[in-house]
Each structure stands twice: as structure tokens, then as C-alpha cells.
Amino acid sequence: MPTILAIESSCDDTSAAVVRDGVVLSNVTAGQGVHVEYGGVVPEYASRAHQRNIVPTVEVALRRAGVSGADVDAVAFTWGPGLIGSLMVGVSFAKAFALARNIPLIEVDHMQAHVLAHFAEDPKPEFPFLCLTVSGGHTQLVVVHSPLEQEIIGRTIDDAAGEAFDKSGKLLGLPYPAGPEIDKLAALGTPELDFAQPDPGGLDFSFSGLKTSILYTLQRKAREEEDYVRHHLNDICASIQDAIISTLLRKLIAASEQTGLSRVALAGGVSANRELRQRLEATGAERGWQTFVPRLEYCTDNAAMIGVTATFRYERGLFAEQSIAPAARL
Ligand code: KG4
Ligand code: ZN
């Protein structure tokens with residue numbers, strides 16, 4: 001019955017969770033408003049905000065779980081991928097906590113954890129299943145054979161899906177991260193513009209051409225109509241969202257056909273997108289898929305998914321080395 005304190009600090013969310021025997025007792029996340037006006041995450045600001053937030057976030061997570069530091073059996077942390085300065089804060093905290101209490105450390109891969117967020121609560125998919133992981137930094141099609149056996153069968157060759165949302169939003173003057181904003185505005189518009197949906201073939205994705213396509217279309221429209229973006233913002237957002245989601249679903253269908261898997265899951269920050277969730281449901285209903293989408297809290301970066309993944313590693317005795325170097329692995 002391990003009680004695991006989990007830390008996630010790979011990007012711009014400082015998160016701590018307590019997971020006991022695979023059950024999430026608390027999951028506390030402190031966001032960072034500082035990046036909004038810069039149109040993206042500023043790594044130095046992110047590290048400093050993690051440094052300020054980490055101790056209070058852990059304290060609240062322990063308190064909400066009704067657990068004291070002495071009850072913790074192991075500490076889990078995200079080793080990567082992520083921003084080095086951000087990761088260092090979480091890794092250093094986890095190592096210090098484990099060293100002080102003489103308990104084991106468990107290192108967790110952030111992308112593997114996004115997939116295993118499905119095990120934070122019911123319904124949990126049976127193995128094997130297919131997972132589309134779409135975040136700010138990654139877009140992957142993964143065959144999940146077992147919790148720790150995840151095979152990547154498709155990936156983006158340039159921008160990630162979340163990055164496509166964020167960079168498109170930046171072109172429109174929307175604040176960072178633009179994904180949730182485009183989600184909201186798109187619901188009020190119609191996808192009447194055709195943006196390019198480049199296809200690198202196979203199960204891989206490419207989103208970098210979308211920005212150029214948006215830019216050229218908007219330049220052309222601006223010549224035809226004054227203040228085009230302001231007057232048609234909702235329709236532009238709906239069109240951007242439609243282009244991204246259509247690409248994602250086309251590849252997901254191809255992956256399901258290729259692997260024969262009909263248990264299909266979504267993971268990562270972009271799976272918070274309402275239209276993506278609805279269209280996955282509709283596609284699933286048409287094709288006889290069993291679909292799985294985590295609650296919003298478990299879609300974006302969170303430490304509960306790190307704790308759940310760490311529980312699988314704990315059961316298998318997969319512990320990290322406790323070295324003096326703050327982040328030997330990085
Ligand atoms: O998984 P995540 O929280 O962090 C990374 O590991 O990257 O994903 C963040 C990404 C951002 O690009 C953000 O714009 C996107 O997820 N995102 C959304 C929505 N909510 C978050 N994209 C589209 N619609 C949303 N509702
Ligand atoms: Zn993430």
C-alpha cells in the first residue's frame with residue numbers, strides 16, 4: 001500500500017499529488033500567469049515560479065490528502081521531457097525530500113504519465129489500447145501494451161498540436177496559451193476557411209505549415225475587407241480548430257485500422273478541447289470504438305498522473321538512484 005508523493009514541474013505548472021495504492025488522494029496545481037503577455041513560456045520565469053511554488057504546493061497536497069511527510073513511502077518526480085530549469089526544481093525537491101526521510105525515489109517519463117492519467121480514476125481502459133497524446137510539446141500515437149510498455153507508432157515531425165493552437169492564436173493576438181481561448185471562440189463560429197492540412201505520410205503529423213497557411217489567408221482577406229480578423233475572429237478560430245482536429249482524427253482512424261485496436265484514448269493538454277472530445281465520441285460511435293477521455297484535471301499537466309505512473313513502477317521495484325547531483329539524469 002505505497003503512499004507516494006508525486007511532483008510535476010516540466011513546463012509552467014507546479015503540481016504535487018498524493019497517490020495511495022493507485023488512488024489519487026490529492027492533486028494540487030499552481031499555474032503561472034507570468035507567461036501570458038509573452039506569447040509563450042519564458043523558461044527563466046518558469047523556473048523561478050516553480051521555485052516559489054513548490055513548497056506551498058506540496059504542503060497543500062499533503063494537507064488535502066490528510067497525510068504527513070512521515071506517512072510518505074516514496075517520492076516520484078518527472079525526469080523529462082521538459083524545460084531543464086523547470087525540471088531541476090522538481091527533481092531537486094524530490095531528491096531532498098527522499099534523502100531527508102530515507103525513502104525511495106521514482107523517476108517518471110512525462111509522456112508515459114500523460115497516457116497513464118487514464119488510470120487516475122474509472123473507467124480505465126483494458127490493455128492493449130491506442131492513445132493519441134496531444135500536448136503543447138508532443139503529438140504521439142501510442143500503442144499501450146501494458147502500463148510501462150508504450151510503443152510510439154506516429155509522431156509530429158515539427159510542431160505539436162498544442163503548439164499549433166498556441167502559435168495560431170499568437171497570429172490572431174490571443175493570449176498564451178491560446179488553445180483554451182480558440183476552443184471557446186470556435187464554439188461561436190463556423191469553419192468556413194480552408195487552411196492547409198499538410199500530411200507527411202504514414203502515421204506522422206505535421207503542423208508547421210498551418211501557421212503559414214493562416215498567415216497568407218489572413219493577409220489576403222485583409223486586402224479584401226478592413227479589420228477582417230476582428231470581424232471574423234470566431235470563424236477563423238473555428239477553421240483553425242477544424243484543421244487541427246481533422247488532421248488528428250484522420251491519423252487516429254488510420255492508426256486504429258492499422259493496429260486493429262478499437263479501444264481508443266485521448267491524453268495531454270489538447271484533449272481538454274471540447275470539439276476534439278465530441279468528434280472523438282462521434283467517430284467512436286460510428287466505428288464501434290470504446291473511447292476514453294480523462295477528466296480535464298487529468299488532461300493538462302498534473303502530478304496525479306506522475307503518482308499513478310510511479311505506482312506501477314513501485315510495484316515493479318523500479319526505483320531511481322539517489323545521487324548527490326541534483327539531476328544526474330538531465
Ligand atoms: O499537456 P499540457 O498541459 O502541457 C504540455 O506538456 O505541453 O498541454 C498544454 C497545451 C497547450 O498548448 C494548450 O494550448 C493546450 O494544451 N490546450 C488546449 C486546450 N486546453 C489546453 N488546446 C486546445 N483546446 C483546449 N481546450
Ligand atoms: Zn504535458
Side-chain angles (χ1 to χ4, degrees), residues 3-19 24-65 67-72 74-111 113-114 135-138 162-163 166 175-177 268-269 297-298 300-307 309-310 320-330:
T3 299
I4 297 179
L5 170 65
I7 311 289
E8 154 63 35
S9 71
S10 63
C11 191
D12 60 341
D13 289 307
T14 317
S15 188
V18 178
V19 176
V24 180
L25 301 185
S26 66
N27 182 39
V28 178
T29 303
Q32 303 181 358
V34 63
H35 310 289
V36 171
E37 61 194 281
Y38 295 96
V41 175
V42 184
E44 178 65 15
Y45 287 158
S47 320
R48 286 169 189 268
H50 283 304
Q51 192 66 41
R52 278 195 303 279
N53 292 341
I54 187 98
V55 171
T57 306
V58 168
E59 278 173 353
V60 175
L62 289 171
R63 196 173 336 120
R64 284 198 191 156
V67 158
S68 82
D71 300 325
V72 176
V75 189
F77 63 92
T78 303
W79 71 260
L83 299 170
I84 182 104
S86 292
L87 289 165
M88 289 280 278
V89 176
V91 175
S92 308
F93 179 91
K95 287 198 171 188
F97 194 99
L99 193 61
R101 299 203 171 266
N102 197 24
I103 53 176
L105 267 174
I106 303 173
E107 54 184 2
V108 171
D109 178 283
H110 182 80
M111 297 312 294
H114 266 305
S135 72
H138 293 82
E163 211 175 346
D166 297 337
Y176 176 86
E297 179 182 357
Y298 299 129
T300 47
D301 287 350
N302 67 88
M305 69 184 192
I306 305 302
T309 308
E321 257 176 55
Q322 175 61 278
S323 66
I324 300 300
R329 176 80 188 256
L330 300 173

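Below, all heavy atoms of this structure are taken into account, side chains as well, without hydrogens, waters or symmetry copies.
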Query - Ser15 side chain near Asn27 side chain, heavy-atom distance below 4.5 Å - result: yes
Report task. Under the side chain to side chain donor-acceptor pair (under 3.5 Å) rule, collect the residues that match up with Thr57, sequence neighbours excluded. Result -> none
Query raised in the report: Are any of the side-chain heavy atoms of His114 and Asp301 separated by less than 4.5 Å?
Result: yes
Report summary line: The reported gap from CE in Met111 to OG1 in Thr78 (rounded to nearest 0.5 angstrom) is 11.5 Å
Report summary line: Residue pairs meeting salt bridge (Lys or Arg N to Asp or Glu O under 4.0 Å), one or both in residues 48-65, sequence neighbours left out, come to Glu44-Arg48
Query raised in the report: Who are the ring-ring contact (aromatic ring centres under 6.0 Å, His included) partners of His50, not counting sequence neighbours?
Result: none
Report summary line: When every non-hydrogen atom of Ser9 is compared with those of Ser86, the smallest separation belongs to OG-O, 2.8 Å
Report task. Check whether any side-chain heavy atom of Ile7 lies under 4.5 Å from a side-chain heavy atom of Ile306, and answer yes or no. Result -> no
Requested in this report: Identify the heavy atoms of Glu321 and Lys95 that sit nearest to each other, and give their distance.
Outcome: O-NZ, 4.2 Å
Report task. State, to 0.1 Å, how close Val108 and Ala113 come at their nearest heavy-atom pair, and which atoms those are. Result -> CG1-CB, 3.9 Å
Query raised in the report: Any side-chain heavy atom of Ser47 within less than 4.5 Å of one from Met88?
Result: no
Query raised in the report: Are any non-hydrogen side-chain atoms of Asn302 and Asp13 less than 4.5 angstrom apart?
Result: no
Requested in this report: Taking the side chain as every heavy atom from C-beta outward, state whether Phe97 and Ile103 have any atom pair closer than 4.5 Å.
Outcome: yes
Query raised in the report: So do Thr300 and Ser135 actually touch side chain to side chain, heavy atoms under 4.5 Å?
Result: no
Query raised in the report: Quick one: OG on Ser92 to CG on Leu99, what's the gap to the nearest 0.5 Å?
Result: 12.0 Å
Query raised in the report: In Å and rounded to the nearest 0.5 Å, what is the CG to CG distance from Leu5 to Leu25?
Result: 11.5 Å
Query raised in the report: Given Thr309 and Asp109, is the side chain to side chain contact (heavy atoms under 4.5 Å, CB included) satisfied, shown in steps?
Result: CA-CA 9 Å; Thr309 308; Asp109 178 283; over 6 Å; no
Query raised in the report: Where is the tightest heavy-atom contact between Ala46 and Cys11, given as atom of each residue plus distance?
Result: CB-O, 3.8 Å
Report summary line: Closest non-hydrogen atoms of Leu105 and Ala98, given as atom of the first, atom of the second and distance, are CG-CB, 3.7 Å
Query raised in the report: Between Val75 and Phe93, is any pair of side-chain heavy atoms under 4.5 Å apart?
Result: no
Requested in this report: Provide the closest heavy-atom pair for Gly90 versus Phe77 in the form atom of the first, atom of the second, distance.
Outcome: O-CB, 4.3 Å
